[in-house]
Amino acid sequence: MSNMQDTLTRVLARHAGRALPIRSTSSLSADPSSAIGIATIKIVTEEQIQAIAFGSLGRAPNLIARLDPIGRDVTDLLPFARFLIEAIEHALEHEGELRIWVPHGETMAALDVLGHRYWRNQNASPEIVRMGEICRILAHEAIFAGQQVIADSAQLLRDHAITGQTPIEDGHPDAMLAWFDRAVTDPVTEARQRSRFPASGILVNTPDRRDDDRIEKLRKEAKGGLTAGRLSAVQGEIRRVLSAGVQREWDLMVAARAAFWGLGLPTTGLDTLIDLSRKRLSAALMQGHFPARRADRVAIELDELDSAQRVTEQSMLEADGAARLRAKRAGAVIAGHVLARNQPKRGRHPCSIDVETDQTVVRTRRDDKVVVVGTNVSGVVRDIAVAPSGGIRVRIEIMNGVRSTATLDAGTRIEIMEQAGAYVRTREFSQAAARGVWMFFGDTPPALAPGTWRRGSPLAIARRSRRP
Amino acid sequence: MNDRARTSQDADQVMDEAIDRALHGDTPLVIVNSPPGAGKTYLVECAAIAAAVGAGMRVICLTPGVVQAYDIAERLLAYNLPRLELVHAKHRETPARLSGRLTVSNGWGGALNNGPGVIVANAHVIAAYRNQLPSGSFDLLIVDEAYQLAANNFLPVADLAPRALMVGDPGQLPPVTSVDTSNFEAHAHPVHWALPTYLLKRFPRTPVYSLPSTRRLLPDTARVVQKAFYPDLSFASVVDPASRRLRFDVSGIHARLDPALDALASGASIVAVVLPGASPAHEETDPELAAVMAGLVERILVRQGTWVGTRRLGQGDIGCIDPNVLTGGAVSDRLRRAGLRDVRVDTVERWQGLEVPIAIVRHPLSRVGDPEPFDLQAGRWCVSLSRHQIGCIIVGRGSVDDVLREYVHPCDTAAAGGRDDVWSGFQAHCSIWAELQLRGRIFRMGNDS
Amino acid sequence: MMEIHELRQEEKELERRLAEVRSQLSAKHQAASGARFIERRPLRELILDTLGEARTPLNSLLIASVFKPLYERDVPATRFGTLSADEQRSFDSSRPRPVYLCHCLTHDRGQAMKRFWARSDWPLEDRIIGPMTGRVLFLKGAEWVIQLASAAGEGADADRLRFVAADQARDAGCQVQRGNFPFRDWITHIQAQITRYSESDRAVRVQAGSELATRLGERALLFGAPGELTSIPGTSKRWTAKSS
Amino acid sequence: MSLKGATALVRLAQNPRCEVLGAMVMQEGPETRFFERVVGTPYDREYGERQSSKRRGTQFERNAYAGDARLLREALAPMVGLQPDDIRVRNLLDDYPGTKDDARVARLRITRRLLADSLAGRAAPHLIIQPQLLVPTKPGPRPYFFIAPDVLVWMQQFGLYVPADLKSFVVRENEVSRADLARVRLQLGAQSLALMHEYDHVSGGKTVVPATGLLIFSHPNGLRPHAPRTEDLRGAREAVRLGIEAFLRHRRRIDGLRAGAEPYTVTTDLVPHFEEACLAQCVMSEWCRSSVAGRTRDLGDSAGQLLGNIELARVTGLLLGTTMAASDAEQAIAAELQRIANEYGVRAA
């Protein structure tokens, strides 16, 4: 979306007093029945989780308020660990089907840090270690474009709708929600009011509500020698403040999820992404998490990220007319009509079609692989020329779908876009690692036996070899 | 011997030494850094010939993209080689300029690489057939345009030969990646980096040769480009300005466009034409600016621009470089309507590695609002300003001055531990613009457009 | 050479024993007369005694951290500042004291390192800070605290002392596991590090000591040479942020 | 928290055009006090560092400096080019503890001496902990800013010291939020600029200080330093320099207006420069925002730049057809607005 379109849509949203959807389809598939939610409260900068809300959606969450989140004793996390392990086992039994809703990206960051702390911790119980590993796997999955496991409710709202406030204000999920709430008559004022309190997985700490500083003080007090009565009062107060804080985060997530589904965007055309996401997750859960450290692992991860990106873009363009319209303006999609079908034997190879478009900008080049949107037809661009009409004429050799006459017949209006190359070179990179290629895996370059030094000027040799 | 001749001789000496070391030295890797138009491909040709013909080696020349492979193959056709083979992907068709002139294989074929000779291919296709190619299948591996090849794309083929020669231009666009790589920026293996950059980080003592001269850019341009984009690579032009003179047989009458063209004819190899104000915010393109770019092409042709002693300039001798597909589209559209369909209009990425007598370049800062990292990237601007053999005309908006004056660097444009290329780009922009202003090379158009 | 080495070993062992005895004494002393007696003793005396027991200059942060378990006394950081000023006043007064609390001095200019405390009755070279002395003093301080902890009996204060010792051991790079106090291993590790630096460090201090003794007066040798004037903002007129 | 030292320079560098910010920097005392005196109501949003993060920051520094900075020596050994055991450390808080100006001046004196020793080839520490530097802005009120990097690290690559800052926030791989990165780089930029000044002071302008600094983040496991990140500070140092120049301009104007009164008294006569980013970092943002109320800039920087900060009513007038387009641009905007309105089912009238 261009800056100008973004701006004008904001003007319109301000005028309409509500958020406006900017996509015609959802980038997230429908929730499976097993969908769960997680919300956290961390200690600022510490990143240590001090409260967690978790559970199935549509029910009250289970809450854990941690009295000593910095301490080594993590038995208080066991209920969460067991819940997570159970959810993962269910996913493994159902081909990786898993959907975890979180209020925002900060929750995933906090879970990832939790993972870092316990996934290799030999002093922790096996359940806590497994929890740590699962957290790392989930956080890793969340970085893939188009992934269908983690539903970051704030990000989903930002990706699918625009409000009548500044983009930076859209960063505050609660403020953004004011633009989705029909009951709010003045979303501008309401959003600014809501933004007083953070909505990023931390406690409120405004002059009128210093929850964070209070917890800090109470924890200090609890460490000193208190009478049993006073100690339990202090601990009760800590639990109360933390529970209220994490419940607020949970409620935020539930409201954002409702607002997102409330947009009523169709969830079709996401099968490839669902499949990719499930495969990645199942593989990681079964094989374990291995952060990319060696060159080959980094290369594989880059390929995985890149192919996820390509497949996601293709799926989005195929599914979303509004996005296709924008891509057409930039030449990434060619919309035109079939001028002629060159196919000596109907329904057989060889087959090529000439497509003419009135677009003046097309990005595809000779020998690019392309697909016809909404069909199984794919081919290779063989020629691009200026049409007498002033538009552009593209010749495509059809590789797949030569029988789709309905698509290939002259006069048919079609849309063409580049085919996503989504190949991950796992084998190539792993084999290179096995061979221990020195440039990437060695510490020093091998010394070679010098050949005959200066056996005449290479340039002179080349000159002599030039054809007359 | 004058300075030009001396620099040229130095360049030959550097090439000889670099190739000799790559072919016969005791180090498995040699890197050659080259400024624009320094004869990279010539060096690659000579290395391949010297290895195959002089040393009886099996050579493979790898390029980042297939088009570059076609270009090298075509250049090598000019030599007597025991064997010259081209490998490209299964779905590709051989370009007419190569068809029937050499052995072409769609994918790897068993009959290839038999005895001394040269195979040319792009890195991806060879990687796909790596299982059919044991380590050491070749004696020498040459990588052309090595700075455009990301290290990860080289990983599968890195041990095809015991010796490697990598040639590239460190000042141009880095390899394109569609994903966020900030997490790998401070990694021990940033394999998304340009291949030589990655290898030099790992093995800083790798022998690096620098070509000292450009055979494409005139001294006038070379000075400006070297200062702005190559602080660590000193080079000079060996071009005799007399051999690159531009003459217009029809004198100028167009008060707004012709003065810039006349400046080119008088020996200024890089000038700017500036429209007043800023690009229209409400449009995705800048029609006025597109009209000026197309207008300049027309004027060059109408005024019968001639490369003195070489030829009258035709449509193929003029190229339009636009960083943005959309705005470039507006220029193509104008040109098409003017019946100038053979003038190439393309993005900077696609112009990389090419040259053209006259380049007409849209200034990337002719935009509304604060500049984006994309607009400021040094490599992109460097490529734009180093394609021309005779003259470069930058077309921009008056708002460029404001953008450069008002710019507040956000300091968040590089990942933690990364080099701030956006800042380098901003400095390069300032340097180029200041230089043009200083030399009176900026031709400002009035408001009557 | 062997003989010197053996003598050093013996000296170390005796020091360790002495520290043990002293700490047992102070523990018994507390048990007998209660903390209130110590509470009544002026801070300067307690610090002088502590330095006497440690036989090495101590950093005020370390002193504060051991005073809580040893004497049940919190010493705020600012208190050390006033202590220094009091000590200098008393030196300037007409009634001299047999021993003063003083600061360590930098080896090159003899200026006070205010956080490092020493006794005036120690040889000058023992109060000088050379380029590596900071590390040596940290290690010696850590060794002393660990010795104290190893000799301490039971009870809350002894526990606290053990935790302070564990912190010191961790800071010195020893392996520290929760609830585990391998004092001997820690001390061996730390002594090995001290040996690494002590000879060259001592040479620098002895050399600096003899030079400073000729350059500085008695007062400066205890509380540091006066610092020269500093120009604020201190820029030369030609300086602009653009320069260099 | 008042706008002092590097914090003030960072803020000026981020929004050099804001005169209100200039007045806040000139004014002694906390920003919230400034807000309250200008606006007349208490500041009701979160402000300043939380106790929890202060505690963490202090603990991180304590861990890093403990044992003669053992963890720092280990982390920085590759930059210094020595084994951790051979690295010399000097913690200036041991020389002269305290945060008052006399302590700062004393540490400044020692820092200058150590820089001179290092340049003269005398044995100087490789790590100077808690050094003191300054950036002059004399003559005038606030004639200098005290700048205190956490550490000065002697880097073998340059044979000079560069500033290093400890940041206790957790970094897992290399993910640091863009806002945090910008802020900490500008802090380092201010420190590098101050170091330039001090080197200039001791070497008479002969030393070229590299635009490089080191960031030391916290490891996810425990408060241990992560591998230091070497930061390219060319842009940050220039941004801070421009911020200082802007401050000098603002100071001249404010001094001219206030005639000896406190800077806050002339705030209403000053020109604010409201940007989206202000909402995330300045106590005066909502007050300054009133200067663009009802205008396109109220919808963000991009809106202001693209639509020229005209009145929102005019833009919606174009949509509703109640305002006649005065230019081709407005005509195009009206058409596009109506197209989007139809697309999203927003009733134009």
Side-chain angles (χ1 to χ4, degrees), chain A residues 3-16 18 20-22 24 43-48 50 70 109 112-117 120-121 136 139 164-169 171 188 192 195-198 202-208 210 212-217 219-220 291-292 322, chain D residues 32 42-57 60 167-170 172-173 175 218-223 275-280 286 289 296-307 312 315-316 318-320 332-333 336-337 339-341 343-348:
Chain A
N3 289 350
M4 188 52 141
Q5 282 175 311
D6 178 289
T7 295
L8 293 180
T9 315
R10 283 183 193 280
V11 172
L12 209 59
R14 172 73 70 98
H15 167 70
R18 62 179 169 90
L20 300 175
I22 50 170
S24 57
I43 306 177
V44 180
T45 69
E46 194 87 47
E47 304 298 320
Q48 277 280 24
Q50 53 180 338
I70 308 171
D112 194 21
V113 172
L114 189 70
H116 268 88
R117 291 205 163 127
R120 295 248 171 104
N121 187 330
R136 294 215 61 188
Q165 61 189 358
T166 64
I168 204 170
E169 287 169 301
V188 176
R192 288 178 193 178
S195 66
R196 271 189 69 222
F197 299 132
I202 57 175
L203 288 172
V204 173
N205 208 45
T206 52
D208 56 335
R210 294 209 173 275
D212 199 277
D213 290 353
R214 175 153 177 69
I215 288 287
E216 193 70 7
K217 196 167 146 292
R219 285 214 176 98
K220 211 169 179 183
Chain D
T32 43
Y43 187 68
D44 67 351
R45 297 187 171 233
E46 178 169 358
Y47 175 75
E49 195 178 12
R50 296 182 174 205
Q51 290 305 323
S52 50
S53 48
K54 272 190 199 147
R55 173 182 45 76
R56 181 181 168 84
F60 186 47
K167 295 292 164 204
S168 67
F169 41 80
V170 170
R172 289 158 286 155
E173 295 297 330
E175 55 288 279
S218 167
H219 210 273
N221 308 0
L223 270 167
E275 291 176 336
E276 257 178 277
C278 301
L279 292 168
E286 285 300 339
R289 190 179 197 169
T296 50
R297 200 172 252 290
D298 191 50
L299 287 175
D301 302 346
S302 180
Q305 288 164 347
L306 292 171
L307 299 177
L312 274 169
V315 188
T316 41
L318 291 170
L319 165 70
L320 302 170
I333 288 168
E336 182 65 5
L337 269 172
R339 188 190 67 74
I340 302 172
E343 192 178 327
Y344 299 141
V346 175
R347 277 192 296 110

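Residue numbers begin at 1 in each chain, while the letters A, B, ... track the order of the sequences.
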Return the [atom1] to [atom2] distance between [X] and [Y], rounded to the nearest 0.5 Å.
| X | Y | atom1 | atom2 | answer |
| --- | --- | --- | --- | --- |
| A:M4 | D:I333 | CE | CD1 | 4.0 Å |
| D:L279 | A:E169 | CG | CD | 5.5 Å |
| D:S52 | A:N205 | OG | CG | 7.5 Å |
| D:E46 | A:D213 | CD | CG | 8.0 Å |

Return the minimal non-hydrogen interatomic distance between [X] and [Y], and the atom names on each side.
| X | Y | value |
| --- | --- | --- |
| D:P220 | A:R117 | O-NE, 2.6 Å |
| D:E276 | A:P167 | OE2-CD, 3.2 Å |
| D:G300 | A:T166 | N-CG2, 3.4 Å |
| D:L299 | A:G164 | CD2-O, 3.1 Å |

Of the backbone (N, CA, C, O) and the side chain (C-beta and beyond), which part of [X] lies under 4.5 Å from a heavy atom of chain A, both, or neither?
| X | result |
| --- | --- |
| D:D298 | both |
| D:Y43 | backbone |
| D:L337 | both |
| D:E175 | neither |
| D:E173 | side chain |

Interchain contact, [X] with chain D, by part (heavy-atom threshold 4.5 Å):
| X | answer |
| --- | --- |
| A:A109 | both |
| A:L8 | both |
| A:R219 | neither |
| A:V188 | neither |
| A:S195 | both |
| A:R120 | neither |
| A:I22 | both |
| A:L20 | side chain |

Salt bridge (charged side-chain N to carboxylate O under 4.0 Å, His left out), paired with D:R56, selected from A:E216, A:E46, A:E47: A:E46
Are [X] and [Y] close enough that some pair of their side-chain heavy atoms sits under 4.5 Å apart?
| X | Y | value |
| --- | --- | --- |
| D:V315 | A:R14 | no |
| A:L12 | D:L319 | yes |
| D:E49 | A:V44 | no |
| A:T206 | D:D44 | no |
| D:R339 | A:Q5 | yes |

Check against side-chain contact (heavy atoms from CB on, under 4.5 Å), A:I202 and D:R50: CA-CA 11 Å; A:I202 57 175; D:R50 296 182 174 205; 3.6 Å; yes
Chain D interface, residue from A:R192, A:K217, A:Q165, A:R10 that has the most non-hydrogen pairs under 4.5 Å: A:R192
Top contributor to chain A interface from D:R289, D:Q51, D:K167 [non-hydrogen pairs under 4.5 Å]: D:R289
Trace of the salt bridge (Lys or Arg N to Asp or Glu O under 4.0 Å) decision for A:D212 with D:R55: CA-CA 12 Å; A:D212 199 277; D:R55 173 182 45 76; over 6 Å; no
